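Only one structure is covered here, and it is reproduced in the block below.
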Amino acid sequence: MIKKIFIALSFLPLCIHFSYLLQAWQGSRLDRWDWIFYLTAIPAAVWALRSQKIGKCDYFALFLLLPMLGLTAGGSFHHINALSVASAAGVIWAAVWLTCSWQFAFRVLPAAFIVFLGTPSSSYQLSLLLMCPVWCAWSVKFLLTVLSLVWIWYIRRTGIIVKRSTLCFSAAVCASGLLLLHTKELYFEGKSFIPEFSSHCGQFWGRKIQPDENTKRFFATGEVRQFRYTKNNTDISVLAVRCGDDIYEIHPASHCLRTSMWTVHSEKIFYLQDNFAVTEIEAQKGANRILVWVWYSSERFSTPGFLGFRRHFKPGGNYHTYQFSVPLYGNITAGRNELRNFMFSLKRKK
C-alpha cells in the first residue's frame, strides 16, 4: 500500500505542469496533437504490467529520481518548460523503479518513452535534428510509438531484461550528445537589439509592405510588419513580429521555411559580435536560393535560436522576432556581407 501511495505522489510534478501542457496543446501549432502520446501511454503501461508482480525496492533509482526532481522543481532557474515536463515524467518512472524493482520498471519503460515523445517542442527539436519538416518529425514520433508497442510485445513474449547499468550508460551518452548539440543556442544571451525601420537606412531605401492574409493568420495575435529594402542590385526582405508575452506567436524560422516548401541546406549560429548573434539559414526552392538571418529579442536580451528564446522566456515580457533575407546568386559570403551592412545601418529603438 505504501508503494502505491509513493507512486501516486510521483505524479504530482506532472500535475503541477499540466496547465502548461494544456496551454501548449491549445496554443501551439507544433504541439497541439501531443496529448495523443499521453493518452496512448496509459493502455501501453497497463499492457506492459499486466500480470507482473511488484518486486523489491531498488535504491539505485535514487541516482535518477533526485536529479529529475531537481530539474522539474528548478524551472525558475533553467527556464526550460519542456525540460520541466520531461523531467516530471522521469520522476514517475524513477519512482516505479525505486519501489517496484528494475525488472518492473524496465517492462514499463516503453510506455514512459511514449510519454517523453509528447514533450512540448519535441516535434520542432526532432525536425531540427533531422533537418526535415515538422510533419516528417511527427511521422517519426508515431513510428517510434509503434516501435515502443512492439517493444512491449517483445518483452512480454521473451521476458528479456536489459541490465540497468547498460541502459543507464547508453541513456547518459545520448543525453550528453543532444545537450552538446544545442549548448551554444541554449545558453547564449546577447545584447538586446530592437531596430527601427525607416524609409532610408544608410545606403538602403525601403518601403513598408502590407502582410498577406496567410501571414496575418499565421501570427494571429502578433503585430506583423514587413519591409523591402534595396541598394543597387541588392534586395532585402524584412519580417518583424512583436508578439508581446504570447510565446506561441513566435515560431522557428526554419519550420516556417520548410512548411512553405523551402529546402533548408544549413542552419547555424553566426556571431556578428561577441554579444550579438543570429541564426543563419541557407534555403532553396527550385532555382531560388536565399540567406536568412533570425534573432529574438526583448528589452533586456537577445538570442539567436528558438530553443534559447524558449529558455530565456519569462511571462510579462515584450518579445520580438526578426527575419532578414537576401537572394543568393553566388557564394554565401556576398549575401552575408549585404545583410551585415544592412544590420549595421539600422538604428536601435530607444
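When a residue number appears, it is its place in the shown sequence, counting from 1. If you're wondering where the values come from, they're calculated on a predicted model, not measured in any experiment.
I290 and I209 are not part of a single hydrophobic cluster, where members link through side-chain heavy atoms under 4.5 Å apart. Side-chain heavy atoms closer than 4.5 Å link hydrophobic residues (I, L, V, M, F, W, Y) into clusters, and following such links, possibly through other members, connects F142 to W33. When hydrophobic clusters are built by joining Ile, Leu, Val, Met, Phe, Trp and Tyr residues whose side-chain heavy atoms come closer than 4.5 Å, directly or via intermediates, V162 is grouped together with L64. Cluster membership for L62 and L69, using ILVMFWY side-chain heavy atoms within less than 4.5 angstrom, is shared. Cluster annotation: F18 and L71 are assigned to the same hydrophobic cluster (Ile/Leu/Val/Met/Phe/Trp/Tyr, side-chain heavy-atom contacts under 4.5 Å, transitive).
For the side chain to side chain contact (heavy atoms under 4.5 Å, CB included) criterion with L98, the lone passing option out of L65, D58, I7 is L65.
When all heavy atoms of E299 and I194 are compared, the pair lying nearest together is N-CD1, 4.1 Å. In plain terms, the two heavy atoms of A137 and L126 that are nearest each other are O-CD2, 3.5 Å. Shortest non-hydrogen contact noted between H320 and N318 is CD2-O, 3.6 Å. Of all non-hydrogen atoms in N341 and K231, the two that sit nearest each other are ND2-NZ, 4.5 Å. For the pair P110 and I152, the tightest heavy-atom approach, listed with the atom from each and the gap, is CB-CG1, 3.5 Å. Considering all non-hydrogen atoms of both residues, A61 and A94 come closest at CB-O, 3.8 Å.
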query: Do F193 and L346 pass the side chain to side chain contact (heavy atoms under 4.5 Å, CB included) test, and can you show the C-alpha distance, the side-chain angles, and the key distance before you say yes or no?
result: CA-CA 10 Å; F193 183 40; L346 295 171; 4.2 Å; yes

- request: Take W262 and N288 through the test side chain to side chain contact (heavy atoms under 4.5 Å, CB included) and record every step on the way to the result.
  value: CA-CA 9 Å; W262 286 85; N288 298 319; 4.2 Å; yes

Stepwise side chain to side chain contact (heavy atoms under 4.5 Å, CB included) check, L21 with W35: CA-CA 8 Å; L21 285 172; W35 58 269; over 6 Å; no

Audit row: M343, Y322, side chain to side chain contact (heavy atoms under 4.5 Å, CB included) steps and yes/no: CA-CA 11 Å; M343 288 278 287; Y322 299 95; over 6 Å; no

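You'll find the ring centres of F37 and F113 outside the 6.0 Å limit. Between F342 and W293, the distance from one ring center to the other does not fall under 6.0 angstrom. When ring centroids are compared, W295 and F270 stay outside the 6.0 Å threshold.
Between atom CZ of residue F106 and atom CD1 of residue I155 there is a gap of 4.5 Å, rounded to the nearest 0.5 Å. Note that CG of L257 is 5.5 Å distant from CD1 of I281, once rounded to the nearest 0.5 Å. In this structure, the separation between CG on L109 and CD1 on I114 is 10.0 Å, given to the nearest 0.5 Å. Interatomic distance, S325 OG to R228 CZ, rounded to the nearest 0.5 Å: 9.5 Å. Atoms CG and OG, on L291 and S266 in that order, are 8.0 Å from each other to the nearest 0.5 Å. Interatomic distance, L272 CG to E280 CD, rounded to the nearest 0.5 Å: 9.0 Å.
By the 6.0 Å contact criterion, CG on L143 is enclosed, its count of non-hydrogen atoms from other residues, nucleotides or ligands being greater than 12. Atom CZ of R300 is surrounded by more than 12 heavy atoms from other residues, nucleotides or ligands within 6.0 Å. Within a 6.0 Å sphere centred on CZ of F197, heavy atoms belonging to other residues, nucleotides or ligands number more than 12. Within 6.0 Å of atom NZ in K268, 12 or fewer heavy atoms from other residues, nucleotides or ligands are found, so the atom counts as exposed in its surroundings. In the displayed structure, F344 atom CZ is contacted under 6.0 Å by more than 12 heavy atoms of other residues, nucleotides or ligands.
Note on ring orientation: taking the six-membered ring where Trp is involved, the planes of W97 and W93 are tilted (angle from 30° to 60°).
The backbone N or O of G118 sits nowhere less than 3.5 Å from a side-chain atom of S122 that would complete a donor-acceptor pair. Between the T321 side chain and the Y296 main chain, no donor and acceptor come within less than 3.5 Å of each other. Side chain of S302 to backbone of S297: no donor-acceptor contact under 3.5 angstrom is found. Judged purely by atom type and a 3.5 angstrom limit, H200 uses its side chain to pair as donor or acceptor with the backbone of G202. Judged by distance alone, the side chain of Q284 and the main-chain N or O of G286 form a donor-acceptor pair under 3.5 Å. Within the 3.5 Å criterion, the main-chain N or O of N275 finds no donor-acceptor partner in the side chain of K191. In terms of modelled atom types and a separation under 3.5 Å, the side chain of N331 and the main chain of A334 share a donor-acceptor contact. Judged by distance alone, with hydrogens and angles left aside, the side-chain atoms of T72 form no donor-acceptor pair with the main-chain N or O of M68 at under 3.5 Å.
Looking at heavy atoms from C-beta onward, V115 lies out of side-chain contact with I92 at the 4.5 angstrom threshold.
Under the rule for a side chain to side chain donor-acceptor pair (under 3.5 Å), Q203 has no partner lying at least two apart in sequence or in another chain. Checked against side chain to side chain donor-acceptor pair (under 3.5 Å), W138 has the following partners two or more places apart in sequence or in another chain: S123.
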Could you tabulate the donor-acceptor pairs under 3.5 Å formed by side-chain atoms of residues 39-57, not counting sequence neighbours?
from : atom 1 : to   : atom 2 : distance (Å)
T40  : OG1    : I36  : O      : 2.7
Q52  : OE1    : R107 : NE     : 3.1

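Side-chain contact annotation: W25 with D34, donor-acceptor N/O pair under 3.5 Å absent.
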